[in-house]
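Let me begin by presenting the structure, written as structure tokens, before commenting on it.
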Amino acid sequence: MSAFEIILAAAIHLTIPLAFAALGECVAERAGTLNISLEGMMLCGAFAAVAIGTATGSPTMGLILGSLAGVLVAAVHAFFSHFLAVNTFVVGLTLNVAVLGLTSILSVAIVLSPVQISQWSIPGLSSIPVLGDAVFTQRWAAFMLLPLIPACWWLLYRTRWGLELRACGENPQSADVSGIHVNRRRRQALLFCGLMAGLGGAYLAVGEVGSFNDNMTAGRGFVVLAAVIFGGWRLKMTLVGCLLFGTADALRLAMPALGYQISSPILIAAPYVLAIAAMLFLAKKQRAPKALSKPFERGLV
């Protein structure tokens, strides 16, 4: 394989988990919820996927139930932030630390076996020169993105639920007057985000890596947050942001393998520096949902 093919293949592999999580985060933020616990959702999904895959001998079952583990974290987040009125940022950061500690302890206490879902190649397309093998030969769950992307777009922009959800992110007081249960819609968006983030973490574990390592998400949840800002809270550009950050991460892995001698700390920091730069330069230029990260209380303007 040429250097371009190696980097392209690595970029796509590293982008896929980000893309799954970004679909959910984009929906959650359009509802007005800035989901800081995304990292914990992904990490919980990764651990659950490998643990369940080890217990059942089925990586597919691990992938499915790993996705639901992300929903569990989202449910805890929603309970504390909506029913107990705890600051959502505090809840998110606490959950991230709690999941990191819990998965680290359990990974030592439980014997985890390597588990990985099978790889598929699309006949005909996988034989295209340069792009074929890198793009059209993937672990089978990666191809779930093909229907999920248009489905999320349709759900967000072509359904009554999506209209109500976006109204909650723009003007929750007006949405409430219209009869929309604002916090319920935000909880639903957060649970959907948990499902997609859990799927992203589960795919990273049983799709790309085939095992679980401590803190294996390594800040990818925060990179997804940056991708949503980079994309201006639009699905298409958010996915472009995921590809950009995935490519930066791929260069970190591919450059030494290709014989380029670059300082290891620089390569490790590159994706995160790029994410920070994107937030720094684009956060003020893009229009976020007006009520993003603002808690809703009925009667307050």
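We use all heavy atoms of the structure for the numbers below, so side chains are in, but hydrogens, waters and symmetry mates are not. Not measured: the values here are computed from a predicted model.
For the atom pair CG (N35) and SG (C26), the distance works out to 12.5 Å, reported to the nearest 0.5 Å. Expressed to the nearest 0.5 Å, how far CZ of R220 lies from CG of L225 amounts to 14.5 Å. The distance from the NZ atom of K290 to the CG atom of L292 is 13.5 Å, given to the nearest 0.5 Å. Atom-to-atom distance recorded for Y203:OH and L63:CG is 9.5 Å, nearest 0.5 angstrom. With rounding to the nearest 0.5 Å, the separation of CG in L65 from OG1 in T56 is 7.5 Å. The distance from atom CH2 of W140 to atom OG1 of T60, rounded to the nearest 0.5 Å, is 4.5 Å.
When side chains are defined from C-beta on, R185 counts as touching W161, because their heavy atoms get closer than 4.5 Å. At least one side-chain heavy atom of F79 sits less than 4.5 Å from a side-chain heavy atom of L84. In this structure, I12 and L8 have side chains that are in contact, with non-hydrogen atoms separated by less than 4.5 Å. Contact of the F230 side chain with the L244 side chain is registered, since non-hydrogen atoms from C-beta on lie closer than 4.5 Å. Using a 4.5 Å cut-off on side-chain heavy atoms (C-beta onward), Q119 and Q138 make no contact. Looking at L190 and M41, their side chains come closer than 4.5 Å, going by heavy atoms from C-beta outward. E25 has its side chain out of reach of F20: every pair of non-hydrogen atoms, C-beta onward, lies at least 4.5 Å apart.
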- Item | Test side-chain contact (heavy atoms from CB on, under 4.5 Å) applied to R139 and W120, step by step | CA-CA 6 Å; R139 301 291 168 182; W120 287 1; over 6 Å; no
- Pair M144-L199, side-chain contact (heavy atoms from CB on, under 4.5 Å): steps then yes or no: CA-CA 10 Å; M144 293 169 60; L199 178 58; 4.0 Å; yes
- Message: If you apply the rule side-chain contact (heavy atoms from CB on, under 4.5 Å), what do you find for V206 with Q116, and how did you get there?
- Response: CA-CA 4 Å; V206 300; Q116 196 166 28; 5.7 Å; no
- Evaluate the side-chain contact (heavy atoms from CB on, under 4.5 Å) criterion for residues R187 and N183: first the C-alpha distance (whole Å), next the side-chain angles of each, then the deciding distance (0.1 Å), finally the verdict. CA-CA 6 Å; R187 284 195 297 274; N183 281 335; 3.7 Å; yes
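Between C168 and V182, the closest heavy-atom pair is SG-CA, 3.8 Å. Across all non-hydrogen atoms, the minimal contact from P172 to A291 is CD-CB, 3.5 Å. The shortest heavy-atom contact between L43 and M216 is CD1-N, 3.9 Å. Scanning all heavy atoms of the two residues, the minimum distance from L18 to G246 falls at CD1-N, 4.1 Å. C152 and L235 get closest at one heavy-atom pair: C-CD1, 3.8 Å. Across all their heavy atoms, I16 and L145 have their closest contact at CG2-CD1, 4.0 Å.
Cluster annotation: I180 is not connected to L165 through the hydrophobic network of ILVMFWY side chains, with a link wherever side-chain heavy atoms come within less than 4.5 Å. Cluster membership check: F136 does not share its hydrophobic cluster with L243, using side-chain heavy-atom separations under 4.5 Å among Ile, Leu, Val, Met, Phe, Trp and Tyr. When hydrophobic clusters are built by joining Ile, Leu, Val, Met, Phe, Trp and Tyr residues whose side-chain heavy atoms come closer than 4.5 Å, directly or via intermediates, L102 is not grouped with V97. Two different hydrophobic clusters hold I52 and L112 under the rule that ILVMFWY side chains link at heavy-atom gaps under 4.5 Å. With hydrophobic clusters built from ILVMFWY side chains whose heavy atoms lie under 4.5 angstrom apart, F143 does not share a cluster with I64.
Proximity of a side-chain donor or acceptor of N96 to a complementary backbone N or O of I36 within less than 3.5 Å is detected.
Take R30 and apply the salt bridge (Lys or Arg N to Asp or Glu O under 4.0 Å) test, not counting sequence neighbours, and it matches no residue.
None of S293, S37, S81 except one satisfies the side-chain contact (heavy atoms from CB on, under 4.5 Å) rule with F89; the exception is S293. With respect to M196, the side-chain contact (heavy atoms from CB on, under 4.5 Å) criterion is satisfied by exactly one of V224, L23, V71: L23.
Each ring pair (Phe, Tyr, Trp, His ring centres under 6.0 Å) pair with one or both residues in residues 21-53, not counting sequence neighbours, appears once here: F47-F212.
Ion pairing between R166 and E170 fails under the 4.0 Å rule for side-chain N and carboxylate O.
The closest side-chain donor-acceptor pair between H181 and E164, if any, does not fall under 3.5 angstrom. Counted by atom type alone, T88 and H77 present one or more donor-acceptor pairs between their side chains at under 3.5 Å. A side-chain donor-acceptor contact under 3.5 Å links D214 and S107.
Applying the 6.0 Å contact sphere to CZ of F192 captures more than 12 heavy atoms from other residues, nucleotides or ligands.
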